[in-house]
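Read the structure below first, then the notes.
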Amino acid sequence: MRLILLGPPGSGKGTQAAAVKGRYGIPHISTGDMLREAVAAGTPLGMKVKDIMASGGLVPDEIVGEVVAERLSRPDARKGFLLDGFPRTIHQAEILGAALSARREALDAVVKVNLSDEEVVRRLSGRRTCSACGAPCHAVFSPPRAAGVCDSCGGALKQRDDDKEDVIRNRLSVYHRQTAPLAEWYSKRGLLREVDGGGLVEEVQRRVFAALEAKGPSA
Ligand code: AP5
């Protein structure tokens with residue numbers, strides 16, 4: 001399976017990607033995670049993208065296109081992949097299309113997870129992640145037993161730089177302007193499947209699997 005998960009920031013793409021990866025045995029390729037790793041490691045790529053990411057803007061298409069091309073060239077992506085957070089512009093979709101054509105491969109589906117802006121702000125402003133083990137939690141929906149401390153390992157909980165409310169609103173505005181048009185782009189190619197991202201994680205997961213296992217596009 002060659003899949004894309006599309007949707008606004010905080011719609012649950014990363015959460016659902018973990019389940020899809022487990023079900024289909026394909027690598028989860030998150031450009032956000034790869035870029036954050038580069039920032040944390042202080043690599044030349046990380047230095048280039050750090051301020052852009054902290055402000056909620058988009059990293060230039062050519063830079064992120066190279067990151068994805070390198071990742072797709074690894075052996076585990078030969079049998080399929082799940083892209084999360086890429087493409088984010090029509091130009092990135094064209095870069096991906098050209099890379100896949102050169103490999104004589106094609107996408108199977110693009111699943112778009114829909115969520116309202118207000119729900120996105122609620123989810124992201126409370127998101128916390130353990131700096132030691134990476135376990136996620138939410139300051140309001142699933143608060144830790146002790147403030148600032150991971151329930152799983154006792155590590156310190158941290159907030160992503162781009163999860164401050166003003167930056168979340170900027171990410172949403174960038175999404176509506178630059179990424180949302182991809183839905184129509186993929187719909188015209190018969191690949192788009194839309195799911196409601198509201199409700200419990202397990203409910204959204206059932207919708208994502210149903211969309212993937214349906215015969216044709218939902219949009
Ligand atoms: P990226 O990391 O891709 O961020 P994003 O798209 O903004 O997505 P998030 O990771 O914030 O949210 P998500 O949809 O994965 O939701 P999650 O499952 O975590 O990108 C970050 C930055 O990198 C960009 O702003 C840009 O600068 C740069 N970048 C990345 N890719 C790029 C590209 N292709 N081009 C250019 N720049 C790029 O869930 C969110 C929260 O909600 C969590 O706390 C989760 O536990 C909770 N949650 C999930 N599902 C539910 C549910 N059903 N009910 C309640 N809570 C839920």
Side-chain angles (χ1 to χ4, degrees), residues 4-21 28-40 45-46 48-69 71-72 82-96 111-130 134-144 157-164 167-180 182 195-208:
I4 291 175
L5 266 181
L6 196 64
S11 55
K13 301 183 297 296
T15 304
Q16 296 305 325
V20 173
K21 173 187 173 178
H28 167 203
I29 300 178
S30 158
T31 43
D33 286 349
M34 289 190 287
L35 294 170
R36 272 185 295 280
E37 275 164 28
V39 171
L45 168 67
K48 250 189 249 174
V49 304
K50 184 172 189 235
D51 291 345
I52 301 173
M53 292 179 74
S55 71
L58 288 187
V59 170
D61 291 341
E62 307 305 336
I63 293 182
V64 79
E66 271 178 38
V67 170
V68 171
R71 180 63 187 85
L72 288 179
L82 171 62
L83 286 169
D84 162 10
F86 183 91
R88 258 178 154 95
T89 63
I90 300 285
H91 186 215
Q92 289 183 15
E94 289 167 348
I95 292 173
L96 175 65
V111 177
K112 178 168 179 268
V113 183
N114 294 317
L115 199 67
S116 73
D117 286 7
E118 288 320 307
E119 186 59 22
V120 163
V121 173
R122 264 195 295 277
R123 286 191 190 175
L124 290 186
S125 54
R127 172 164 62 181
R128 302 290 182 272
T129 311
C130 176
C137 72
H138 194 281
V140 178
F141 304 147
S142 56
L157 295 175
K158 61 173 195 237
Q159 184 177 30
R160 255 168 63 173
D161 286 346
D162 60 353
D163 277 350
K164 310 271 167 25
V167 184
I168 297 169
R169 299 238 177 238
N170 188 40
R171 288 161 66 196
L172 277 167
S173 130
V174 168
Y175 170 79
H176 289 301
R177 219 174 36 249
Q178 303 204 58
T179 307
L182 282 171
V195 300
D196 174 5
L200 299 174
V201 169
E202 297 72 23
E203 290 168 342
V204 182
Q205 189 177 307
R206 276 196 290 277
R207 290 179 209 133
V208 169

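Atoms within each ligand, like the ligands themselves, are counted from 1 in listed order. All of these numbers come straight from a predicted model, not from anything done at the bench. Counting begins at 1 with the first residue of the sequence.
Residue R36 places a heavy atom under 4.0 Å from ligand 1. Using a 4.0 Å heavy-atom cutoff, R160 is listed among the residues neighbouring ligand 1. The closest approach between P8 and ligand 1 falls below 4.0 Å for a heavy atom of the residue. Within the 4.0 Å heavy-atom cutoff, G199 counts among the residues contacting ligand 1. Ligand 1 lies less than 4.0 angstrom from a heavy atom belonging to S11.
For ligand 1, the polar-atom distance check against G10 finds a nitrogen or oxygen pair separated by under 3.5 Å. Among the atoms of T15, some N or O lies under 3.5 angstrom from an N or O of ligand 1. In terms of N/O distances under 3.5 Å, ligand 1 is not approached by I52.
For atom 24 (C) of ligand 1, the closest non-hydrogen atom on the protein side is R88 NH2, 3.9 Å.
Of the listed options Q92, R127, K50, E203, R127 places a heavy atom closest to atom 41 (C) of ligand 1.
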* To do: Please test S173 against R177 for side chain to side chain donor-acceptor pair (under 3.5 Å), starting from the C-alpha separation and ending with a verdict.
  => CA-CA 6 Å; S173 130; R177 219 174 36 249; 3.2 Å; yes

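Residue contact check: F86 has heavy atoms under 4.0 Å from atoms 34 (N) of ligand 1. Interface atoms of ligand 1 facing T31, defined by a heavy-atom separation under 4.0 Å, are 30 (C), 31 (N), 32 (C), 34 (N).
Salt-bridge annotation for R206 and E202: absent, with no side-chain N of the basic residue lying under 4.0 Å from a carboxylate O of the acidic one. The residues D163 and R171 are annotated as salt-bridged, a charged nitrogen and a carboxylate oxygen being separated by less than 4.0 angstrom.
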